Student: 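My questions all concern the structure below.
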Amino acid sequence: MSEAAIAPKLGAPIIEMRDVNKWYGEFHVLRNVNMQVKKGEKVVICGPSGSGKSTAIRCINRLEEHQKGQIIVDGIELTANLKNIELIRREVGMVFQQFNLFPHLTVLENLTLAPIWVRKVPKKEAEETAMYYLNRVRIPEQANKYPGQLSGGQQQRVAIARSLCMKPNIMLFDEPTSALDPEMVKEVLDVMVGLANEGMTMICVTHEMGFARTVADTMVFMDRGEVVETSAPEEFFAAPKNERTRAFLGQILHH
Amino acid sequence: MATTTMLPASGPNGAQRFAVWVRANLFNSIGNSIITIVFGSFALWVLWNIVKWGVIDAVWVAPNMRACQAAGTGACWAFVGEKWRFILFGRYPYEEQWRSALVTLILFGMTGASFVPKLWRLEMVYAWVAAWIICGVLMWGGVLGLAPVESDLWSGLPLTLILSLISMIFGFVLAIFLALGRRSNLPIVKLVCTVFIEVMRGVPLITVLFMASLMLPLFLPPGFSVSKLLRAVIAITMFLGAYQAEDLRAGLMALPKGQYEAADALGLSYWRKTKSIVLPQAITIVIPPLVGNLIGNFKNTSLVSIISLLDLMSTTQVALVDPNWRGLTSEAYLFLGAIYFAACFAMSRYSQWLEVLLNKGKRR
């Protein structure tokens, strides 16, 4: 694997999380999370379930509210200010574990809804963009079907295309392959690798360590709401510094 | 008791297959055979009596009840023949009743057309607006050479239709806002909607009708009067709105959280999300209870008689007071029941059909 091919040219920080804390009632889900993501950087977050990794990325587009600390996305700080939240959501695409396509709309309508109403793109142009991205994820022939008629892998690729239609600067992936049948994981990962190679800023919560090795610039290991270790993938996989990281990697890599 | 067995998919002709089915399901043991014979003969006996009373011994033409009773022991359908026009159109001036009839036809026609999904487009809304204007002109008159008719004289089937359809349209719109309001993050909005819904659901419709008819005038500036009809429409609309709001709220809660999140993540505004993502799915989920409440509402309109509006039910009761035809309660209510049943059954079947249609291709 030649690292040179995907050698990142990283820009200025585009996402900054500073001492972010979050509680669900008494339960402390995020403890002083610090993270900095540069433009074009690919960050893979891993960790045991319940470690707060999904919650952390869901704070970035304010699907979850943090209670302490600062989150700055593209120069805008996330607060209760609805205008700012809308601005940030336009720039940040998100792909969910359960796809969350809109089942009552066709694939094409799923893809054009937000560009038309949020970006105010004319319908025709939105449809052209949609078809371009459906080609990119290699399912243009499914444009007029309903999500329920597609396989899980196809649905997830539609979900990725739906986010891309908004022309986001940042893509968040929340365990995008965890709900897929094993034979469908690769088709989704391939699309994500393609996206990474084009220089998209990406944060992925995933257990696909092969994907992480190929794509990640930075690995983040979270456990019990804390960022335990942040390092480059070579170092992360070859010589994890922290005991908990070693234990986790031992569990998921040897089976 | 009888158990159901699948019919053989292919094989002998229909009659033979029926015989096989009967043997397998109705006469498959001595006990079941006895039960089948006992209940079967009872059912036949009841059916025979109904047919005998309603058709064989019935009297179809007679000048009054006495003549009817002399002519036969069965039902006196002559009553319906004599009174149908009063039952359908009530006190609306006799010579002008064609206007009432036309309004009834227009409203039935528009409702029927609205049942067709292919016609669900913006033009349908315009057509409804036009239809209501035409109906208003026909019912009120006073223009285009039509004699004016007070709304207090509107009665029978057109009144029932007007009350049901208008409360249905505005009630549903009200329900949407109440349901959204009850789930709102804004405490005042939430409180107002919750209180409204709970109060409306906590009292009988009769109470709401009385309140609207007696108390509404107290709140209005002097000299400003609201017709009884409008008061009834407001009361029924609020009542139906509260019930349907709760149906819709169930739909809103049944919608997976991921749908809201996906819409949020795409940056859709609250109203866009609600209109394009949330409501279409939530409404589809709760079609059965929504239609259930519409059916209930259609029958509930008969309660307006207590504020002396003459709906279909009241005209039937008034028709029965005629000394020439007193005592023909069964015939009158069967006729009335048939009209209500036809309308309610149509709504019920339509809702089942619609559910299947809307779920087509979207299930997984």
Side-chain angles (χ1 to χ4, degrees), chain A residues 54 57-58 60-64 80 82-106 109-120 144-152 155 158-159 162-168 170-172 174 179, chain B residues 117-118 120-122 176 179-180 183-190 248 250-288 290 351 353-364:
Chain A
S54 283
I57 73 163
R58 287 158 60 88
I60 295 172
N61 65 352
R62 195 77 172 187
L63 289 185
E64 304 278 355
L82 288 175
K83 272 267 155 328
N84 284 350
I85 294 173
E86 272 178 33
L87 281 177
I88 287 171
R89 283 176 177 168
R90 274 181 213 191
E91 304 306 327
V92 180
M94 187 169 214
V95 175
F96 300 87
Q97 185 177 351
Q98 300 295 344
F99 330 137
N100 296 347
L101 293 176
F102 305 129
H104 62 302
L105 302 178
T106 64
E109 287 166 342
N110 264 280
L111 267 58
T112 55
L113 183 77
I116 289 173
W117 293 105
V118 181
R119 288 246 191 248
K120 315 285 181 207
N144 293 312
K145 290 197 183 162
Y146 286 95
Q149 297 167 298
L150 308 186
S151 74
Q155 290 196 49
V158 171
R162 177 174 70 178
S163 286
L164 293 177
C165 281
M166 282 296 281
K167 310 256 171 79
I170 301 163
M171 285 289 286
L172 308 174
D174 188 3
Chain B
K118 272 195 189 128
W120 293 349
R121 40 177 106 191
L122 198 58
I176 288 174
L180 293 173
R183 280 168 61 84
S184 167
N185 294 325
L186 308 169
I188 304 282
V189 173
K190 188 179 171 142
L248 282 174
L252 294 176
M253 294 198 296
L255 198 59
K257 206 166 145 240
Q259 292 290 309
Y260 293 92
E261 289 179 350
D264 285 340
L266 285 168
L268 295 177
S269 67
Y270 174 80
W271 289 110
R272 178 47 53 189
K273 171 176 72 173
T274 302
K275 181 164 177 284
S276 297
I277 307 301
V278 176
L279 284 179
Q281 296 189 67
I283 292 171
T284 312
I285 295 171
V286 294
I287 285 176
L290 283 175
S351 103
W353 176 81
L354 191 62
E355 246 179 281
V356 174
L357 181 86
L358 292 180
N359 281 323
K360 205 188 286 172
K362 290 162 204 177
R363 242 170 305 169
R364 174 144 183 96

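Order of the sequence lines fixes the chain letters, A, B, ..., with proteins taken first and strands second; residue numbering starts at 1 for each chain. Small disclaimer: the values here were computed from a predicted structure and weren't measured.
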Student: Taking side chain as everything from C-beta outward and backbone as N, CA, C, O, which of these in R162(A) sits under 4.5 Å from a heavy atom of chain B? Side chain, backbone, both or neither.
Tutor: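 Both the backbone and the side chain of R162(A) come within 4.5 Å of chain B.
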
Student: Mind ranking R58(A), Q98(A), R62(A) by heavy-atom pairs under 4.5 Å with chain B and telling me who comes out on top?
Tutor: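 Option with the greatest count: R58(A).
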
Student: Would you mind checking which part of F96(A) comes under 4.5 Å of any heavy atom in chain B, side chain (CB onward), backbone (N, CA, C, O), both or neither?
Tutor: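 F96(A) touches chain B through side-chain heavy atoms alone.
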
Student: Considering all heavy atoms of both residues, which atom of K273(B) and which atom of Y260(B) are nearest to each other, and what is their separation?
Tutor: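 That would be CD-O, 4.1 Å.
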
Student: Let me know if I85(A) has heavy atoms under 4.5 Å from chain B in its side chain, its backbone, both or neither.
Tutor: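 For I85(A), neither part sits under 4.5 Å from chain B.
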
Student: With rounding to the nearest 0.5 angstrom, report the CZ to CD1 distance, R272(B) to I277(B).
Tutor: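 CD1 of I277(B) is found 9.0 Å from CZ of R272(B).
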
Student: Name the member of A114(A), S163(A), A159(A), G93(A) that forms the most heavy-atom pairs with chain B at distances under 4.5 Å.
Tutor: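 Most pairs with chain B among the choices: A114(A).
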
Student: For E109(A), give me all partners under salt bridge (charged side-chain N to carboxylate O under 4.0 Å, His left out), at least two apart in sequence or on another chain.
Tutor: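 Not a single residue meets the salt bridge (charged side-chain N to carboxylate O under 4.0 Å, His left out) criterion with E109(A).
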
Student: On a heavy-atom basis, which atom in L252(B) and which in A179(B) lie closest, and how many Å separate them?
Tutor: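 Answer, listing the atom of L252(B) first, then A179(B): CD1-O, 4.0 Å.
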
Student: Minimum heavy-atom separation for D174(A) and S54(A), please, with both atom names.
Tutor: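 Looks like OD1-OG, 2.6 Å.
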
